[in-house]
2 protein chains.
Amino acid sequence: MGSDGGQRTWGIAQLVEDFGVTARTIRFYEDRGLLAPRRRGQQRVYEVRDRVRLALVLRGRRLGFSLGEIATIVDMYDAEPGEAGQLRYLLDQIAARRLDLERRRRDIDETLAELAVVADRCRDDLAGLAAGS
Amino acid sequence: MGSDGGQRTWGIAQLVEDFGVTARTIRFYEDRGLLAPRRRGQQRVYEVRDRVRLALVLRGRRLGFSLGEIATIVDMYDAEPGEAGQLRYLLDQIAARRLDLERRRRDIDETLAELAVVADRCRDDLAGLAAGS
DNA sequence: CCAGATCTTTACGTTGACGTCAACGTAAGC
DNA sequence: GCTTACGTTGACGTCAACGTAAAGATCTGG
């Protein structure tokens, strides 16, 4: 059905539009090893896997991870099977990440709960103003 | 029961030890308006509310907020009732923060789920190595 | 064939969040 | 009164994560 047989590719400008980041940012991520697009001549050609990686990077960024941490995380996703030592190391890394993420979620839940309290107080104050006017 | 009648105070060195940050960081937060300890002469004297604020700041930091965002958040907690416009503005700010935090939580849940998949694959590979040796 | 648009590399600038001195004040113990 | 420890205020350094500007390559429509 697709006229390109599923071999769809994108230029850097499309990624800029689709992901809401600048071209500078995308090239910077490539420079830091987070992306590795093909080249057609001198120009960058992005495929689906590049888009997936970029999406992972941006999610990591939203979570406040440094690019170094993001690199170790996204590299987990497409790690080769490797030997037992590598696998155990990877499992350790994953466990560490899990602890980190779970603490973040606790922090988030606490903050949300406290903001709800402040919002309630706020609405009470508003109601009081309306009643007392 | 407390020999100081609940009027406990702390020096900067205690905060350093208790919170695991440097004195430089604590003074920097004060410079940015996030803390405002009393002074005994020239030296800083921290009370319970200062510790609470510092804990809030550090939690915001763990969540990846900038110090400017953290300032707006912690200022929400001890905002004066104020007038209706202020209250509505505060409610808007809280709503925006909630959206932000809820997206972060979704990001975290997705990441945790994907890391679980990678970990499973990892354990399978390890089992395969053990069986094939 | 050429202007304009898009992409490229290179390199320096900027901002936030501190680190790292340097130089000085002050309180405690001997 | 002198040292030692701790605290203080500048002031400059640093690092990550880009922004921004310069100058050339490449493609595209007219």
Side-chain angles (χ1 to χ4, degrees), chain A residues 4 8-47 50-51 53-75 97 100 104 107, chain B residues 4 8-47 50-51 53-75 97 100 104 107:
Chain A
D4 53 6
R8 184 96 214 261
T9 63
W10 293 265
I12 197 168
Q14 259 103 53
L15 295 196
V16 166
E17 187 168 356
D18 295 350
F19 290 90
V21 295
T22 69
R24 175 70 177 95
T25 297
I26 295 175
R27 294 195 194 100
F28 183 69
Y29 290 164
E30 178 177 349
D31 188 58
R32 297 313 223 56
L34 295 169
L35 297 174
R38 281 179 16 224
R39 300 280 180 134
R40 178 158 46 214
Q42 193 177 216
Q43 303 200 183
R44 293 166 172 84
V45 177
Y46 297 91
E47 299 172 21
D50 298 309
R51 293 177 65 102
R53 283 185 74 97
L54 180 54
L56 289 176
V57 170
L58 294 180
R59 195 179 64 188
R61 189 174 76 164
R62 285 197 303 274
L63 292 176
F65 287 116
S66 75
L67 293 186
E69 292 171 313
I70 292 175
T72 70
I73 294 176
V74 298
D75 285 345
R97 283 294 142 220
D100 188 323
R104 280 165 194 258
D107 284 337
Chain B
D4 52 5
R8 184 103 214 259
T9 63
W10 294 266
I12 198 168
Q14 259 103 53
L15 296 196
V16 166
E17 187 168 356
D18 293 351
F19 289 91
V21 296
T22 69
R24 174 69 177 95
T25 298
I26 294 175
R27 296 196 193 100
F28 183 69
Y29 290 165
E30 179 177 347
D31 188 59
R32 295 316 223 53
L34 295 169
L35 297 175
R38 281 180 16 226
R39 300 282 179 135
R40 177 156 47 213
Q42 191 178 217
Q43 303 200 183
R44 294 165 171 86
V45 177
Y46 299 90
E47 300 172 21
D50 298 309
R51 293 178 66 102
R53 281 186 76 97
L54 179 54
L56 288 176
V57 171
L58 294 179
R59 194 179 64 190
R61 188 174 77 164
R62 286 197 301 274
L63 291 176
F65 287 117
S66 75
L67 292 188
E69 293 171 312
I70 292 174
T72 70
I73 294 176
V74 297
D75 285 346
R97 284 292 145 223
D100 187 324
R104 281 166 195 257
D107 284 337

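Throughout, a chain's letter reflects where its sequence line sits, starting with A, and its residues are numbered from 1. FYI, side chains are in, hydrogens and waters are out, and symmetry mates aren't considered; it's all heavy atoms of this structure.
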Check whether any side-chain heavy atom of L58(B) sits under 4.5 Å from a side-chain heavy atom of Y29(B), and report yes or no. yes
Looking only at side-chain N and O atoms, does T25(A) come under 4.0 Å of OP1 or OP2 in dG19(D)? yes
With respect to the phosphate group of dG16(C), does any side-chain polar atom (N or O) of R32(B) fall under 4.0 Å of OP1 or OP2? no
Minimal non-hydrogen separation, V21(A) against V16(A), with atom names: O-CG1, 3.1 Å
Please evaluate residues R97(B) and D100(B) with respect to the criterion salt bridge (Lys or Arg N to Asp or Glu O under 4.0 Å), reporting the C-alpha separation (whole Å), side-chain torsions for both, the decisive distance (0.1 Å), and the verdict. CA-CA 5 Å; R97(B) 284 292 145 223; D100(B) 187 324; 3.4 Å; yes
Give me, pair by pair, the N or O atoms of the protein and of nucleotides 5-12 of chain C that are less than 3.5 Å apart, along with how far apart they are.
residue : atom : partner : partner atom : Å
dT8(C)  : OP1  : R44(A)  : N            : 2.6
dT8(C)  : OP1  : R44(A)  : NH1          : 3.3
dT8(C)  : OP2  : R27(A)  : NE           : 3.3
dT8(C)  : OP2  : R27(A)  : NH2          : 3.2
dT8(C)  : O5'  : R44(A)  : NH1          : 3.2
dT9(C)  : OP1  : R39(A)  : NH1          : 3.0
dT9(C)  : OP1  : R39(A)  : NH2          : 3.3
dT9(C)  : OP2  : R44(A)  : NH1          : 2.8
dT9(C)  : OP2  : R44(A)  : NH2          : 2.6

So, D50(B) and R44(B), do they make that salt bridge, N to O below 4.0 Å? no
Rounded to whole Å, the CG-P distance (L35(B) to dC18(C)) equals 12 Å
Rounded to whole angstroms, how far apart are CG on L54(A) and P on dC18(D)? 11 Å
R61(B) CZ to dA17(C) C1', straight-line distance once rounded to whole Å: 9 Å
With a 4.0 Å cutoff (strictly under), does any side-chain N or O of T22(A) reach OP1 or OP2 of dG19(D)? yes
Pairing annotation in dot-bracket form, given for DNA chain C with Watson-Crick or G-U pairs under 3.5 Å and | for cross-strand partners: ||||||||||||||||||||||||||||||
Take the protein atom CG of L67(B) and the nucleotide atom P of dA16(D), then report the distance between them rounded to whole Å. 18 Å
Give a yes/no verdict on a cation-pi contact between R62(B) and F19(B), requiring under 6.0 Å between NZ or CZ and the six-membered ring centre and an angle within 45° of the axis. no
For F28(A) and dC15(D), what is the distance between atoms CZ and C1' respectively, to the nearest whole Å? 11 Å
Examine dC18(C): is either OP1 or OP2 under 4.0 Å from a nitrogen or oxygen in the side chain of Y29(B)? Give yes or no. yes
Hey, does I26(B) have a side-chain heavy atom less than 4.5 Å from the side chain of L35(B)? yes
With heavy-atom distances below 4.5 Å as the criterion, would you say the side chains of R104(B) and D107(A) are in contact? no
Would a distance-only check, ignoring hydrogens and angles, find a side-chain to backbone donor-acceptor pair under 3.5 Å from R51(A) to Y46(A)? no
Can you tell me the distance, in whole Å, between the CD atom of E69(B) and the C1' atom of dT15(C)? 14 Å
So, do T25(A) and R61(A) sit near enough that their side-chain heavy atoms are less than 4.5 Å apart? yes
Can you measure D31(A) atom CG to dC15(D) atom C1' for me and round it to whole angstrom units? 15 Å
Whole angstrom value for the distance that separates C1' of dA17(C) from CZ of R62(B): 17 Å
